[in-house]
2 protein chains.
Amino acid sequence: MTTANSSVIEVAQTSISRGDRKLRTRAHLLAAALQLMGEGRGFGALSLREITRTAGVVPASFYRHFRDLDELGLALVEESGVTLRRLLREARRTGLPPRDILRRSVQIFRDYINAHRLHFMFVAGERSGGSAVIRAAVRAEERHFTDEMAHDLRQLGLLPDLSTPTLQMTCGLVVTTMMNAATDFLDLPPRQPKRESEITENFIRQLRLIFLGARAWRE
Amino acid sequence: MTTANSSVIEVAQTSISRGDRKLRTRAHLLAAALQLMGEGRGFGALSLREITRTAGVVPASFYRHFRDLDELGLALVEESGVTLRRLLREARRTGLPPRDILRRSVQIFRDYINAHRLHFMFVAGERSGGSAVIRAAVRAEERHFTDEMAHDLRQLGLLPDLSTPTLQMTCGLVVTTMMNAATDFLDLPPRQPKRESEITENFIRQLRLIFLGARAWRE
DNA sequence: TTACTGAGTGAACATACGTTCACTCATGTT
DNA sequence: AACATGAGTGAACGTATGTTCACTCAGTAA
């Protein structure tokens, strides 16, 4: 027929640019690492070979994209940070729900976690254990998230009596509680609505208690 | 001189019983695993051989004590659970400090963490990431800790207006915050009193906010 | 004193690992 | 049309891994 300008195994691909192809493989490597971690092991327990194997690439190709596993890990932290911040951005765009603010926010959060399971698993898993360099990066990303949340709360006029440091401290507490709830949600076996609503209710009550405390706070 | 009844490399040891010797090696294996994790990697990133190497034993000996690494991990969880609960037990024995309850409790907690760094590193690190079976065991141990704390608070007559489920929810929040602070303390480079007191103050303020919220709570 | 038990040994195995290297060959540049 | 680039390849390397096995030889029980 026409000129056969595609390789045998990539029949459906008509002329991807060189740079795009590279980005695609890089994305495959990142996705492979996330997928393997999703199967229940920390980042530190992954091997370069199984990542490339899962990504459908030969081991040596890895070095075209990352110097070593740590560099791949840091890229994952950045990617996850974007996912984290998008949650706040969407909340900002949507605005606060008119009624049942906490409950609805938690439901949105629960859905968001499930839509980005692997990123949250990664962040929740590496924020405490594992390698020091990755943990530091995660904590930094988490602090940006906290700061942005504090900024948003200020903008919304919530908790107007709190000083900025106190607002930040409060948001830190919220984020810690959130990450904890994320682990709970992600550990939940599928089709367990009973346990799921227990976790949801517990999370809502903890947030309610935090905001009660923030309202009662006097500098 | 007298009868040479000790091996060459264990000169100082005079006749340890067979069972005790076994327990000793087992303890060496557990300590080796903790030590390696203290050098900055998750439990899942440890290998059987380096654990036995660190413990000063041949790899095959491992199987005299544990079926596999997971079993060693579960033993560590139990050991750490004991350390956790001892904190509560000592607090119960000592009684509450008369003044500055929160600040003094946090100082005691900070000292306790530093006296048991490896156990807290292990618990904080494996409570979210890593292997599912170990994480589950850690969370169970953490729940026992939470329940015991709730029981103690009740006994002390603190927060008498809270229902038991609410008290439990509150203690869950305290424990989560505590584990988070533990990670912060443990990540601290030594000789950084500035950062250390920042973390301490932040932790105190978060606890104060939680108890403020608990006082304001209405069922 | 004799016999038994079992914690710890040392060697061997099949596999998996990280890293290197010279290579191909589609894409981009001249 | 001829050339240069560099992402991806496949093979090779030395090393580390988990597990097995028959063994030794203190400590225990008979």
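A, B, ... follow the sequence lines: proteins, then strands. Residue 1 opens every chain. Only this structure's heavy atoms are used, side chains among them; waters, hydrogens and symmetry mates stay out.
- With rounding to whole Å, A/His65 atom NE2 is found 11 Å from D/dG6 atom C1'.
- Taking every heavy atom of residues 129-136 of chain A and every atom of DNA chain D, no pair lies under 4.0 Å.
- In terms of phosphate contacts, B/Ser61 brings a side-chain nitrogen or oxygen within less than 4.0 Å of OP1 or OP2 of C/dT9.
- Applying a 4.0 Å cut-off to non-hydrogen atoms, none of the residues of residues 26-35 of chain A approaches DNA chain C.
- Under the 4.5 Å side-chain criterion, counting only non-hydrogen atoms from C-beta, B/Ser131 is in contact with B/Asp70.
- Nucleotide C/dG8 holds its P atom 11 Å from the CZ atom of B/Phe66, rounded to whole Å.
- The side-chain heavy atoms of B/Leu69 and B/Leu46, taken from C-beta on, include no pair separated by under 4.5 Å.
- Atom CG in B/Leu36 sits about 15 Å away from atom P in D/dA16, given to the nearest Å.
- Ring pair A/Phe120/A/Phe185: centre-to-centre distance not below 6.0 Å.
- Between B/Arg18 atom CZ and D/dT24 atom P the separation is 16 Å, expressed in whole Å.
- A straight line from CD1 of B/Ile51 to C1' of D/dT19 spans 15 Å, rounded to a whole angstrom.
- Atom CD of B/Glu142 and atom CG of B/Leu84 lie 8.0 Å apart (nearest 0.5 Å).
- Ring orientation note: the planes of B/His116 and B/Tyr112 are tilted relative to one another, at an angle of 30° to 60°.
- In this structure, the CD1 atom of A/Ile16 is 16 Å from the C1' atom of C/dG28, given to the nearest Å.
- Look at CG on A/Asp20: it is 19 Å from P on C/dA26, rounded to the nearest Å.
- Atoms NZ (A/Lys22) and P (D/dT9) sit 14 Å apart, rounded to a whole Å.
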Do B/Thr164 and B/Arg154 pass the side-chain hydrogen bond (donor to acceptor under 3.5 Å, both in side chains) test, and can you show the C-alpha distance, the side-chain angles, and the key distance before you say yes or no? CA-CA 9 Å; B/Thr164 297; B/Arg154 181 90 325 142; 3.1 Å; yes
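- With contacts defined as side-chain heavy-atom distances shorter than 4.5 Å, the pair B/Glu201/B/Arg103 qualifies.
- Counting heavy-atom neighbours within 6.0 Å of A/Glu78 CD, excluding the residue itself, gives a total of 12 or less.
- Once rounded to the nearest 0.5 Å, the distance linking CG of B/Leu72 with CZ of B/Phe62 reads 4.5 Å.
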At under 4.0 Å between heavy atoms, how does the protein contact nucleotides 10-22 of chain C? Give one character per nucleotide, 5' to 3', with B, S or -. B------BBBBB-
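- Tested against B/Asp152, the residues B/Arg85, B/Arg92, B/Arg89 include a single salt bridge (charged side-chain N to carboxylate O under 4.0 Å, His left out) partner, B/Arg92.
- Atoms CD and CG, from B/Gln206 and B/Leu173 in turn, are 9.0 Å apart once rounded to the nearest 0.5 Å.
- No N or O donor and acceptor, one from the side chain of A/Arg21 and one from the base of C/dT27, sit under 3.5 Å apart.
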